[in-house]
Q: 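Here it is, the structure, as structure tokens.
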Amino acid sequence: MDISLLLTLMVEFFKTGLFALGGGLATIPFLFEMSSKYHWFTTEMLMNMIAVSESTPGPMGVNMATYVGIHTTDSVIGGIITTLSLVAPSIIVCVIVAQFLKKFKESEMVQNAFYGLRPAVCAMIASAGLGIFVTTLFGEEITMNINWVNVILLILLYFFAKKFNKLHPIVLVCICAVLGIIFQL
Amino acid sequence: MSEYIELFLVFARIGAFTFGGGYAMLPMLQKEVVEKKKWATDEEILDYYAVGQCTPGVIFVNTATFIGYSRKGILGGIIATLGVVFPSIVIISLIATLISNFSEIEMVQHALHGIRLAVCVLIFNATFKLFKTGVKDLFGILLFIFSLLATYLSLLPTIVIVVVSAALGIAFQLYNTRKEV
């Protein structure tokens with residue numbers, strides 16, 4: 001295997017992990033940059049990798065790193081190396097931050113900061129939920145045509161989840177995947 | 001069972017069934033980490049999420065590192081993260097080497113549409129639960145509405161909202177203590 005290619009991949013994905021703030025979508029511009037700098041893959045291939053990463057489980061950024069690694073080196077080892085390079089900065093930074101937080105957890109300043117952060121984070125989660133909700137109701141391109149089938153299914157699903165609230169989220173995901181295939185949603 | 005193995009397995013399980021980005025992992029985290037293992041409280045999950053937003057990289061990975069670290073130190077953080085990425089590596093390896101047009105397969109599309117309904121309901125319930133933990137007074141409600149508008153309409157970058165809300169929290173509590181004195 002080409003060692004210098006592996007090293008370049010390591011550096012590029014470490015950089016991506018370090019500078020991509022805000023999750024999977026933030027890694028996409030870095031991948032476009034790689035494609036124009038090294039010609040590892042065409043834009044079309046990249047679009048395909050993004051589509052696959054979105055339709056498979058797991059964090060999108062991690063999925064894309066694995067895919068790019070395998071694609072450029074033609075081996076699974078490349079995928080493992082790019083993925084580990086992507087998450088290495090996260091681990092290092094988070095461990096440092098966690099140590100800092102442990103030390104100052106009781107401090108009033110940190111407590112007060114979290115007092116403000118919690119409602120904001122709730123809102124960010126709600127916003128993500130709202131985004132998925134709107135896509136489910138109106139489709140990918142926002143049109144005024146409400147997808148009534150989805151509305152009814154959502155209401156049914158909501159009460160189903162409420163009634164069986166001990167149900168594991170994984171089970172609900174699996175049931176819905178099967179229903180999607182059966183009813184050709 | 002050693003807690004390291006448990007950390008790995010729990011996060012691998014969550015990683016294998018999380019569709020649609022970091023937020024979709026929340027319902028699983030609540031079920032596995034808060035309810036079943038009692039490794040963290042709802043409140044702590046919110047705090048990890050908040051910090052995970054301002055630290056670089058994938059939010060899911062950051063949250064896993066925090067929880068792993070809180071249980072078993074640095075090695076715990078590393079192992080939890082390896083758990084998160086393990087299913088991705090396996091699944092993407094299989095798809096990349098075997099099926100080149102995976103996302104275009106009709107059955108996959110139908111399954112994903114079904115899953116999106118599940119994720120919708122799951123995130124709604126998760127948000128509702130976290131809202132009760134995180135939003136406790138009028139200050140919280142106002143900050144929630146402000147952040148929801150700012151995020152949903154993409155008025156401000158996430159990092160700005162995080163910094164502003166932390167600063168507002170500090171300022172508001174400071175104002176409260178001053179008033180009492």
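Chain letters run A, B, ... following the sequence lines, proteins first and then strands; every chain starts at 1.
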Q: What part of B:D42 lies closer than 4.5 angstrom to a heavy atom of chain A: side chain, backbone, both or neither?
A: neither
Q: Less than 4.5 Å to any heavy atom of chain A: does that hold for the side chain of B:K136, its backbone, both, or neither?
A: neither
Q: Looking at A:V62, A:N48, A:N150, which makes the most heavy-atom pairs under 4.5 Å with chain B?
A: A:V62
Q: When rounded to the nearest 0.5 angstrom, what distance separates OG1 in A:T56 from CG in B:L94?
A: 11.0 Å
Q: Please classify the contact between B:S165 and chain A as side chain, backbone, both or neither, with a heavy-atom cut-off of under 4.5 Å.
A: both
Q: Quick one: sort the A:Y158 and B:F124 rings into parallel, tilted or perpendicular, breaks at 30° and 60°.
A: perpendicular
Q: So for A:I175, is it side chain, backbone, both, or neither that comes closer than 4.5 Å to the heavy atoms of chain B?
A: neither
Q: Heavy-atom pairs under 4.5 Å with chain B are the metric here; pick the option from A:F114, A:F160, A:Y67 that has the most.
A: A:F114
Q: Which value, rounded to the nearest 0.5 Å, describes the distance between B:T81 atom OG1 and A:I91 atom CD1?
A: 4.0 Å
Q: With A:V52, which of B:V108, B:I92, B:I99 fulfils side-chain contact (heavy atoms from CB on, under 4.5 Å)?
A: B:I92
Q: Quick check on side-chain contact (heavy atoms from CB on, under 4.5 Å): which of B:M107, B:Q109, B:E106, B:H113 does A:I181 satisfy it with?
A: B:M107
Q: Which atoms of A:K162 are under 4.5 Å from chain B, going by heavy atoms: the side chain, the backbone, both sets, or neither?
A: neither
Q: Just checking, any donor-acceptor pair under 3.5 angstrom between side chains of B:E32 and A:H168?
A: yes
Q: Counting only non-hydrogen atoms closer than 4.5 Å, does A:I182 touch chain B with its backbone (N, CA, C, O), its side chain (CB onward), both, or neither?
A: neither
Q: Give me the one residue out of A:T66, A:N63, A:T83 that meets side-chain hydrogen bond (donor to acceptor under 3.5 Å, both in side chains) with B:S88.
A: A:N63
Q: For A:L153, is it the side chain, the backbone, both, or neither that has a heavy atom closer than 4.5 Å to a heavy atom of chain B?
A: side chain
Q: When only pairs under 4.5 Å are counted, which of A:G129, A:C94, A:S75 shares the most heavy-atom pairs with chain B?
A: A:C94
